[in-house]
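Per chain, numbering begins at 1; letters A, B, ... match sequence-line order. Worth knowing before you read on, the calculation uses all heavy atoms, side chains too, and leaves out hydrogens, waters and symmetry mates.
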Amino acid sequence: MAIAESADTVAPERSAPQKRPLRLFRNLSSKIALIPMIATAVIVFMGGTIWTVVYSFTSSGLLPRLNWVGLDQYERLWGTTKWIISIQNLALYGICSLVLTLVIGFVLAAMLDRKIRFEDAFRTIFLYPFALSFIVTGLVWQWILNPDYGVQGVVRSLGWESFTFNPLNNPDIVMFGLLIAGLWQGTGLIMCIMLAGLRGIDDDIWKASRVDGIPVWKTYTRIIIPMMRPVFVTAIVLIASGIIKLYDLVVAQTSGGPGISSEVPAKYVMQSMFGGQNLGQGFAASTMMLLSVVIILVPWALLEFGGRKRG
Amino acid sequence: MKLTTKLLAATAIVSATSAGAVDLEVMHWWTSGGEAAAVQEFATAVNENTEHNWIDGAIAGGGDVARPVMVSRIIGGDPPAAFQFNHGLQAQELIEAGLILDLTDVAEEQGWEDIVNPPSLLDACTYEGRVYCAPVNIHSWQWMWLSNAAFEEAGLEVPETWTEFVEDAPALREAGIVPLAMGGQAWQQNGSFGVMAVALAGLDNLLAVNRDKDASVVRGEAYGQVFQAYADAREMAEGLDVQDWNQATNAVITGEAAAQIMGDWAQGEFAVAGMTAGEDYSCLPGLGEIAILDTGGDAFYFPVTGDPEIEAAQKEMAALMLSPEVQVAFNSVKGSLPIRGDVDLTTVNDCTQKGLDLLANGDTMPSGNQLLSPDTTNQLNDLMTEFWNTPSMTAEDAQERYAQIIEQAS
């Protein structure tokens, strides 16, 4: 703080009255205060990213080494069934998770917003899973979905002998077993964000729509949701970052099984870097992950944030 | 647990250079009940027989979790005094980078060349003629464990070979017993395939593939039969959904499944369940088809610290770990075989005795970790688990892709 304050007093002296103040020195104190964060971002994030991309063109094993192999790591990556399946799984999980989290989160929030009784209790119950780590969530749902002790076992013991619900051991639907656990954990937070957004809507709008005789559902879809655009953007960013880094839930719940049917890219990266002691392969895979994020995120961010500045 | 005077004298020579007590942090991933008790034997030995202190640095979650932590500590300049690795190719890069302490003088002084049996264990620790690790135990993969009760229930004799077992499979099915228990993890499925390969295709073919990386052998007839047998095994394992190897072992213990292909660490589970070898369960080394065991296992590596005091203490500890008393104490608890042929374990059952006999006869082969790089092992794990869990994938597909991985392997 001392630096920031002294900088504050220095700044006006430099910008002599007759000259126009340099753009660089405007808000100098806040810029100086930001230097550590900028340095961290540039050196740690950008530096780390560039380093990773550079080393993805090498044959690094357990230790990083600069033995150039060109695009070999990428050729191998795209020739690996496990990687292709990982991408497909992430796409499936991502789309379902994004849509369902938003829908369920918003519906729960809207219901809580109808001034129901015990709202605090419900809010706590819905948010509670978010306090657990993904590892715990994964293990809990592994047991719940276990055919002998979980849902299937309970229903069968009630008399429905032919009842079959065994997603974690069926390669075709295992991703939905993961999705259930992911939704259980993630929707609570989105619900709270949505609820905060709904509480920010002026009561007068509700009154006005009631006076005009607009049905409640139409008020939500035509008026409230468009007004909550920034809240939705926040929610989507949170959900999307959770999807990309999906790893610990898979490790705890299925370890990628049965077979390789629930593998995800982040797990592929970890597995090749540390299980296979092949850093180059892991770096190539993480570079591809970064690339896909950039391709999707940059145009969207430009539209969302760049557009508003102009308008 | 007193050391022989001979060993005391030997360690005294080593410790003569050491000026005082040192804290030795030892990193390992032995955290399950039996494993932790076995590590405690090492800790006690170090604390009682030397003036140094054993600082336990256990990392839960197995080797894949622990290895990156160890490697980053070593590269980051804050190495532990010692760490556990599966010896073989895993540590080679660390040795090449000059990060691992050369133990050759300890090995020569203690005569490791004469006492370590089989010698391939010491070879796995040796890089360009220098010794870099201290092997502490032997684990081998080539075992099949059978539930006597399950075969009795199906009205069958306990089979003596894999071929007999395959013939028994339909009868077991009829009796409502899953013939083969297999966990859902990739390493179990690839490991079992390796066992079947050596049992059904023979040692020469296995070495041609794993050591000489000869892909034409994989595409050959002998390996073709192994893939076919493996596809049959896939059918035999249907109906049991378990993940961990010990859950699969448990299915054999309860008689829900008839047999499991798993390394000798499975025997600890039978012991915990209070079962007796020969009466309640049987074991077939080499699936009964071939008399051979691989000699994988664990070893301790000692990072270079640059501090002569710590270095002396590290060497002292290395010598201690291979001493007869510590070997007996550790391996009796861990359920593994000792790395020296001149000691007797306190408790030896039928199955352990079979293993010891094979070791004494020299019927051994190098383990997968010693022949294949972790990268190749990882690729094969992925392939075999995909094959195992994709009923539509044919043995020929798997064979061809296996051959491609071997071709790429270095």
(message) Contact between B/Q379 and A/R76 at the side-chain level, heavy atoms closer than 4.5 Å - yes or no?
(response)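 Yes - at least one pair of side-chain heavy atoms lies under 4.5 Å apart.
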
(request) For residues A/Q277 and B/R67, determine if any side-chain heavy atom of one lies less than 4.5 Å from a side-chain heavy atom of the other. (result)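 Yes - at least one pair of side-chain heavy atoms lies under 4.5 Å apart.
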
Contacting region of [X] [heavy-atom separation from chain B under 4.5 Å]:
X      : answer
A/N166 : side chain
A/P258 : both
A/E263 : neither
A/T254 : backbone

(request) Tell me, for B/E96 versus chain A, whether the close heavy atoms (under 4.5 Å) come from the side chain, the backbone, both or neither. (result)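 Contact with chain A: side chain only.
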
(request) Please look at B/Q243 and chain A and tell me whether the side chain, the backbone, both or neither of the residue comes under 4.5 angstrom of a heavy atom of that chain. (result)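 Contact with chain A: side chain only.
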
(request) Could you tell me the separation between the OH atom of A/Y268 and the CG atom of B/D382, rounded to the nearest 0.5 Å? (result)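 Output value for this atom pair is 7.5 Å.
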
(message) Would you say CZ of A/F130 has more than 12 non-hydrogen atoms from neighbouring residues, nucleotides or ligands within 6.0 angstrom?
(response)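 Atom CZ in A/F130 is not crowded, with 12 or fewer foreign heavy atoms closer than 6.0 Å.
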
(request) Indicate the atoms forming the closest heavy-atom contact of B/T385 with A/I260, along with that distance. (result)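 Between these two residues, the closest heavy atoms are CG2-CG2, 3.6 Å.
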
(message) Tell me which of these, A/T80, A/L168, A/I85, A/N278, has more heavy-atom pairs under 4.5 Å with chain B than the rest.
(response)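 Of A/T80, A/L168, A/I85, A/N278, A/N278 has the most heavy-atom pairs under 4.5 Å with chain B.
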
(message) Report, in residue-number order, which members of residues 42-73 of chain A are under 4.5 Å from chain B by heavy-atom distance.
(response)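 Only A/G61, A/L62, A/L63, A/R65 of residues 42-73 of chain A have a heavy atom under 4.5 Å from chain B.
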
(request) For chain A, find which of B/I75, B/T377, B/D375, B/L383 contributes the most heavy-atom pairs closer than 4.5 angstrom. (result)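 Ranked by contacts with chain A, first place is B/D375.
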
